[in-house]
Structures are given as C-alpha cells and as structure tokens.
Amino acid sequence: YTLDSTAGCNVLSVCADKQAGRVLAGTVGNGLLIFDTLQRLQRHIQKLPGFTGNFTCSLVARIPTGGYLFISSVSNHFWK
C-alpha cells in the first residue's frame, strides 16, 4: 500500500475490514488513508470538521454498527 508520494506515509494504526474490503491506515500528520483490497487509495481524509491542518490518527477500529471509530491527536474526542 502506498501513495504516489511517500511523504506523509508514516502509518501509526491499521484496521483491516474484510467484510467491506477495506484497509484503513491512520498516519502521523497526514490523516486517514482508506484503501481497497487491491491496494488502491479510495479516500484520503486530511482534515477534521472544525479543525485546521492535518491530523494524526492514532487508533482506527471497526464498530459493530458497520462504521469506524478513530482517535485523533487534535482533540480529546472519538470520531465516527
């Protein structure tokens, strides 16, 4: 799994969701990367609502309702 540029690809947390065919990677200072199982980047979330600048995603987990929960370094909140 990689991006076109290797800058900002330091991964801190990984969540493999086999049911949805996704791999979520929380990065240090570059947000959340969402890949499909063919290793193609599907989405890159760099900013959180209400915050400026990129964030560090220190934990990513799948929740039973089908969504994802993650913890960011920019706030003391869980994000869904």
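Below, each value reflects all heavy atoms present in this structure, side chains not excepted, and no hydrogens, waters or symmetry copies. Note that the structure is a prediction, hence the values are computed from the model and not measured.
Pairing each heavy atom of Gly31 with each of Cys57, the nearest pair is O-CB, 4.0 Å.
A donor-acceptor pair under 3.5 Å is absent between the side-chain atoms of Ser58 and the main chain of Leu12, judged by distance alone. Judged by distance alone, the side chain of Thr56 and the main-chain N or O of Gly29 form a donor-acceptor pair under 3.5 Å.
With values rounded to the nearest 0.5 angstrom, Arg40 atom CZ is found 14.5 Å from Ile34 atom CD1. Taken from CG in Asn30 to CG in Asn10, the straight-line distance is 9.0 Å, to the nearest 0.5 Å.
Side-chain contact between Leu32 and Arg43: absent, with no pair of heavy atoms (C-beta onward) separated by less than 4.5 Å. Contact of the Phe70 side chain with the Ile45 side chain is not registered, since no non-hydrogen atoms from C-beta on lie closer than 4.5 Å.
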Which pairs of donor and acceptor atoms, one on a side chain in residues 18-26, lie under 3.5 Å apart (sequence neighbours left out)?
| unit_1 | atom_1 | unit_2 | atom_2 | d |
| --- | --- | --- | --- | --- |
| Gln19 | OE1 | Arg62 | NH2 | 3.0 |
| Arg22 | NH1 | Tyr68 | OH | 3.3 |

